[in-house]
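Below is one structure, written out as structure tokens; the observations come after it.
Counting starts at 1 for both ligands and their atoms, in listed order.
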Amino acid sequence: MNNRNETYDVAVVGGGPGGYSAAIRAAQAGKKVILFEQEKLGGVCLNVGCIPTKYLLEKAALVDRIARDTQNNIFREAGLFSWKKIQSGKDTAVKKLVSGVEGIVAGHKIKIVKGHAKVNRAGTVEGPNGEEFLADSIILATGSRPVMPPIPGADNPNVLDSSGALMQGNIPRSLVIIGGGVIGLEFASIYGAMGSEVTVLEMLPALLPNEDSDLSLALRQAMEKRGIHIHIGVRVEEITPDGDGCTVRYGTNDKQKTITADKILAAVGRKPNLEGIDVSALGLKLDGKGYIAANKRQETSVPGIYAAGDVTGGWQLAHAAYAEADTAVANCTGGSVETSYETIPRCIYSLPQLASVGAAEQQLKEKNIGYKKGVVPYMSNGKAIVSEEPEGFVKILCAEKTGEVLGVHMMGSHATELLSPALVAMNMHATVETLAGMIFPHPTLSELFKEAAMACMDRALHSKPSR
Ligand code: NAD
């Protein structure tokens with residue numbers, strides 16, 4: 001079918017956070033918009049990523065909390081829970097959010113084409129039935145999917161990717177996780193709290209090497225305290241079938257070990273979804289890792305084609321995709337905008353949570369930037385004590401001379417929510433002096449942020465000097 005009459009201002013390929021938000025933004029700018037999605041709106045984030053994992057992590061945190069209260073004799077018996085109910089609650093939350101996005105997209109009069117779209121030349125998108133839709137600008141937001149490691153035996157049915165790990169009908173008795181990155185640590189927290197014997201095998205010498213080293217070490221210790229086994233600096237070499245499970249062989253160059261588990265989760269990174277995008281016919285440049293190369297204006301090497309979200313590599317976070325979609329739409333509707341990642345928040349919903357923004361201490365040292373730091377423990381905070389959540393700390397790094405906040409790193413209860421005042425401060429180029437002069441509500445965990453600002457000036461009220 002050749003439907004050359006259908007012309008649009010903006011065509012968006014992919015309906016995840018990058019794609020659906022680009023479509024909505026373009027419609028809000030008064031443009032005629034078409035959106036192609038082969039599965040469900042919301043993409044990985046809503047369907048098999050952020051949202052369902054966070055549902056499971058909320059319940060895992062509850063189970064973890066009940067277990068601690070039981071150990072402390074506050075509750076008499078450990079809570080029994082229904083994994084089946086938890087799974088169906090997760091599905092309900094996902095459905096609610098996906099239908100919410102569908103309603104919003106429809107409300108903006110965006111044409112949605114369900115099915116696999118192809119892009120072979122600038123200005124045209126081919127629909128699932130071969131129909132052609134013309135568009136002045138195309139935004140590619142096709143996302144990414146888990147990569148399976150090139151390890152012999154990784155094709156065993158007991159080796160799961162993150163989507164498979166979300167949909168387990170039963171809690172595995174034992175789980176080996178290959179990769180101590182964000183996905184690996186979140187699933188370790190879920191299944192560890194639910195009762196699995198969890199082992200994380202990480203190739204690098206530290207978990208989360210790009211995070212502040214105090215933070216990554218503290219998280220490792222906190223997870224080990226919860227019974228999760230973590231081995232760093234080890235490489236998985238082979239997976240072999242073993243009864244109903246698998247044996248994993250891992251080690252360093254000189255030492256080889258094995259571990260057997262019911263299930264194996266491969267969480268070693270993701271790869272771009274490029275099927276349907278004819279890279280060579282378009283002359284589309286890819287980066288060194290095979291992702292679509294896009295500049296800070298989200299322009300690709302092909303005029304009129306923009307890219308946003310995971311398919312461009314980079315941060316691979318839903319909030320990065322939202323920002324990149326905003327940039328792409330602004331630039332294809334006459335604006336001139338660049339995406340800035342300087343204050344991009346990083347949140348890991350592990351148990352305990354980890355959240356950060358800006359420079360890590362080791363990065364300031366490497367760059368010879370003069371800094372001061374303030375570190376305050378959750379234990380010093382009244383709300384943390386009454387909530388019986390004393391684990392963790394908040395660390396602020398500020399410029400030695402001006403006191404401007406350069407980085408904020410935290411681990412502990414609600415850390416991912418606590419990060420937002422830090423983001424506001426950094427975006428406003430606030431100094432620790434300014435933060436220390438503000439009145440924060442008492443008793444709240446947010447006081448930790450003010451307290452850490454005061455600690456940078458050796459004026460912490462409720463904790464000992466950190467230096
Ligand atoms: P990742 O790159 O963050 O971590 C993968 C880890 O696997 C690395 O540390 C790597 O060293 C290790 N690894 C690779 N091969 C190995 C091997 N053979 N043996 C042992 N270790 C090995 O990838 P991910 O955790 O899969 O996450 C993918 C993307 O999704 C990331 O960009 C992440 O930020 C994003 N994500 C973010 C969130 C969040 O923000 N809360 C949640 C989920 C996913």
Cys347 N/O under 3.5 Å from ligand 1 N/O
yes
Pro149 near ligand 1 by a heavy-atom separation under 4.0 Å:
no
Run the numbers for me: atoms of ligand 1, each under 4.0 Å from some heavy atom of Gly181, listed by number.
3 (O), 4 (O), 6 (C), 25 (O)
Residue Leu204 vicinity, atoms of ligand 1 by number, heavy atom under 4.0 Å
11 (O)
Atom 31 (C) of ligand 1 [closest protein heavy-atom partner, distance rounded to 0.1 Å]:
Gln316 OE1, 4.3 Å
Any donor and acceptor pair, going by atom type alone, linking the side chain of Arg346 with main-chain N or O of Gly358 inside 3.5 Å?
yes
Sort out for me which residue in Leu215, Val182, Leu57 forms a side chain to side chain contact (heavy atoms under 4.5 Å, CB included) with Ile348.
Val182
Counting heavy atoms only, which of Gly314, Ala267, Gly179 is nearest atom 5 (C) of ligand 1?
Ala267
Could you see which bit of Arg346 sits under 4.0 Å from ligand 1, with heavy atoms only: side chain, backbone, both or neither?
neither
Under the side-chain hydrogen bond (donor to acceptor under 3.5 Å, both in side chains) rule, collect the residues that match up with Glu391, sequence neighbours excluded.
Arg226
Distance, nearest 0.5 Å, that separates CG of Leu418 from CD of Glu447:
11.0 Å
Do Phe449 and Ile396 come within less than 4.5 Å of each other through their side chains, counting heavy atoms only?
yes
Which ligand 1 atoms, with their elements, are less than 4.0 angstrom from a heavy-atom of Arg270?
28 (C), 29 (C), 30 (O)
For Thr53, which part has a heavy atom under 4.0 Å from ligand 1: side chain, backbone, both, or neither?
neither
Got a donor-acceptor contact below 3.5 angstrom from the Asn331 side chain to the Arg297 backbone?
yes
Run the ring-centre check on Tyr191 versus Trp83 and record whether the distance is less than 6.0 Å.
yes
Can you list everything that forms a side-chain hydrogen bond (donor to acceptor under 3.5 Å, both in side chains) with Thr343? Sequence neighbours excluded, please.
Asn427
Taking only non-hydrogen atoms of Val182 and a 4.0 Å limit, the atoms of ligand 1 in range are 3 (O), 25 (O), 34 (O), 37 (C), 38 (C), 39 (C), 41 (N), 42 (C), 43 (C)
Which option, Glu202, Lys54, Met203, owns the non-hydrogen atom nearest atom 11 (O) of ligand 1?
Glu202
Are side-chain N/O atoms of Tyr341 and Glu324 paired as donor and acceptor at under 3.5 Å?
yes
Do any N or O atoms from the side chain of Glu186 and from the backbone of Ile183 form a donor-acceptor pair under 3.5 angstrom?
no
Mark the output for Leu185 as yes if a heavy-atom distance to ligand 1 is under 4.0 Å, and as no if none is.
no
If you have a sec, work out which protein heavy atom is nearest atom 2 (O) of ligand 1 and how many Å separate them, to one decimal?
Gly269 CA, 4.3 Å
Lys90 side chain to Leu166 backbone, donor-acceptor under 3.5 Å
yes
With no hydrogens and no angle check, do the side chains of Glu361 and Tyr371 hold a donor and an acceptor under 3.5 Å apart?
yes
Show the atoms of ligand 1 that are less than 4.0 angstrom away from any heavy atom in Leu317.
34 (O), 37 (C), 40 (O)
Does ligand 1 have a heavy atom under 4.0 Å from the side chain of Ile151, from its backbone, from both, or from neither?
side chain
Among Leu207, Leu201, Ile348, which residue places a heavy atom closest to atom 20 (C) of ligand 1?
Leu201
I'd like the name of whichever of Val268, Leu354, Asp310 reaches closest to atom 15 (N) of ligand 1 through any heavy atom.
Val268
By number and element, which atoms of ligand 1 are closer than 4.0 Å to a non-hydrogen atom of Val234?
20 (C)
Number the atoms of ligand 1 from 1 as they appear, then name those within less than 4.0 Å of a heavy atom of Ile178, with their elements.
17 (C), 19 (N), 20 (C)
Atom 43 (C) of ligand 1: which of Ile183, Ile232, Leu265 has the nearest heavy atom?
Ile183
Just do the side-chain hydrogen bond (donor to acceptor under 3.5 Å, both in side chains) check on Gln353 and Thr416 with the steps written out, would you?
CA-CA 7 Å; Gln353 291 187 350; Thr416 56; 2.7 Å; yes
Just heavy atoms, cut-off under 4.0 Å: does Trp315 contact ligand 1 by side chain, backbone, both, or neither?
backbone
